[in-house]
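Have a look at the structure below before the remarks.
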Amino acid sequence: GNSVTQMEGPVTLSEEAFLTINCTYTATGYPSLFWYVQYPGEGLQLLLKATKADDKGSNKGFEATYRKETTSFHLEKGSVQVSDSAVYFCALSDQGLNTGRRALTFGSGTRLQVQP
Amino acid sequence: SQTIHQWPATLVQPVGSPLSLECTVEGTSNPNLYWYRQAAGRGLQLLFYSVGIGQISSEVPQNLSASRPQDRQFILSSKKLLLSDSGFYLCAWSAGLATDTQYFGPGTRLTVL
């Protein structure tokens with residue numbers, strides 16, 4: 001079945017440091033890939049997505065490139081801020097094309113702590 | 001624009017009591033709807049999804065059930081809560097078959113004592 005593996009946290013960085021959160025996946029077919037962010041006590045917000053190989057998703061300074069050859073979708077940001085402190089989830093879409101299922105398989109999440 | 005609501009935001013219930021969590025979506029028609037549970041410090045587990053009124057698919061056998069009485073309303077229920085039902089419950093919607101992207105509500109934190 002489909003699965004997503006994320007690096008374990010917490011990841012602790014100083015403000016303006018470079019961020020990488022690793023994500024690898026196992027899936028049949030060609031899933032879409034997502035990064036969601038969860039701030040304390042809140043639901044998940046879509047951060048970015050990519051729908052096919054070599055696509056780069058980007059938003060709010062975050063980027064991730066769909067690498068089919070390495071089955072990876074690593075999240076990067078050049079300069080993190082304290083406000084980026086949150087839990088980040090990598091996810092892939094299900095391929096139940098005829099059922100409307102479209103469920104997402106999530107990684108376990110990576111907590112990012114940015115210190116001033 | 002589309003918005004998704006969940007209530008209550010927080011709930012504390014005794015073991016063996018019933019449960020009803022509600023989710024509603026505004027600004028879209030015939031969405032796919034989903035219930036997820038997030039246990040403390042863990043990822044999300046899909047519980048139920050629905051592609052239309054009265055159509056519910058269960059992902060994990062357990063003492064929870066879901067219903068969709070209206071197009072944009074999704075309800076999660078239990079007749080008797082267990083301690084293991086504690087967690088953060090998230091409702092999500094997507095625009096049918098046209099897209100994989102799901103949008104999440106603010107969540108309900110359930111504590112069973």
Side-chain angles (χ1 to χ4, degrees), chain A residues 1-10 21 23 25 27 29-52 55 57 59 66 73 86-111 113, chain B residues 1-10 21 23 25 30-53 55-60 66 68 87-111:
Chain A
N2 297 343
S3 67
V4 176
T5 302
Q6 288 182 237
M7 59 188 295
E8 291 197 14
I21 299 179
C23 171
Y25 68 91
Y30 302 93
S32 296
L33 300 173
F34 304 83
W35 277 101
Y36 283 85
V37 58
Q38 184 179 34
Y39 298 100
E42 298 183 8
L44 274 68
Q45 299 177 24
L46 177 67
L47 183 58
L48 53 84
K49 66 179 284 190
T51 58
K52 61 183 186 296
D55 265 2
N59 185 27
Y66 190 141
F73 193 54
V87 179
Y88 292 81
F89 291 93
C90 185
L92 63 80
S93 68
D94 182 59
Q95 292 298 294
L97 297 176
N98 295 322
T99 66
R101 184 173 180 267
R102 299 290 190 183
L104 296 179
T105 299
F106 285 87
S108 57
T110 302
R111 182 175 300 279
Q113 298 173 336
Chain B
S1 64
Q2 300 86 7
T3 55
I4 178 169
H5 305 279
Q6 288 186 244
W7 64 88
T10 306
L21 303 181
C23 170
V25 180
N30 196 31
N32 286 354
L33 296 172
Y34 308 83
W35 278 112
Y36 290 86
R37 177 169 60 199
Q38 183 179 24
R42 301 182 66 179
L44 279 73
Q45 178 187 38
L46 178 66
L47 302 176
F48 301 95
Y49 69 93
S50 171
V51 300
I53 295 174
Q55 301 178 61
I56 308 295
S57 296
S58 174
E59 291 286 306
V60 182
R68 184 170 177 174
F88 193 46
Y89 288 82
L90 289 158
C91 181
W93 72 274
S94 67
L97 296 176
T99 175
D100 293 356
T101 304
Q102 293 183 17
Y103 300 93
F104 287 79
T108 295
R109 183 160 303 284
L110 171 66
T111 302

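Numbered from 1 within each chain, the chains take letters A, B, ... in sequence-line order. Atoms considered below: every heavy atom in the structure, side chains included; atoms not considered: hydrogens, waters and symmetry mates. The shown structure was predicted, so the numbers you read here are calculated from the model rather than taken from an experiment.
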**OP:** Below 4.5 Å from any heavy atom of chain A, which atoms of B/T101 appear? Answer side chain, backbone, both or neither.
**Re:**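 For B/T101, backbone and side chain are both near chain A.
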Original post:
Side chain, backbone, both or neither: which part of B/L90 has a non-hydrogen atom closer than 4.5 Å to chain A?
Top reply: side chain
Original post:
Around atom CD of B/Q55, are there more than 12 heavy atoms of other residues, nucleotides or ligands at under 6.0 Å?
Top reply: yes
Original post:
So which of A/G43, A/G109, A/G41 has the largest heavy-atom pair count under 4.5 angstrom toward chain B?
Top reply: A/G43
Original post:
Any side-chain heavy-atom pair from B/Y36 and A/L104 closer than 4.5 angstrom?
Top reply: yes
At their closest point, which heavy atom of [X] faces which heavy atom of [Y], and how far apart are they?
| X | Y | answer |
| --- | --- | --- |
| A/Q38 | B/F88 | NE2-CE2, 3.4 Å |
| B/Q38 | A/F89 | NE2-CZ, 3.2 Å |
| B/F104 | A/L44 | CB-O, 3.4 Å |

Subject >> Under the side chain to side chain donor-acceptor pair (under 3.5 Å) test, residues paired with A/Y66 that sit two or more places apart >> reply: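 A/Y66: no side chain to side chain donor-acceptor pair (under 3.5 Å) contacts found.
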**OP:** Step by step, work out the side-chain contact (heavy atoms from CB on, under 4.5 Å) result for B/Q102 and A/Y36.
**Re:** CA-CA 10 Å; B/Q102 293 183 17; A/Y36 283 85; 3.9 Å; yes
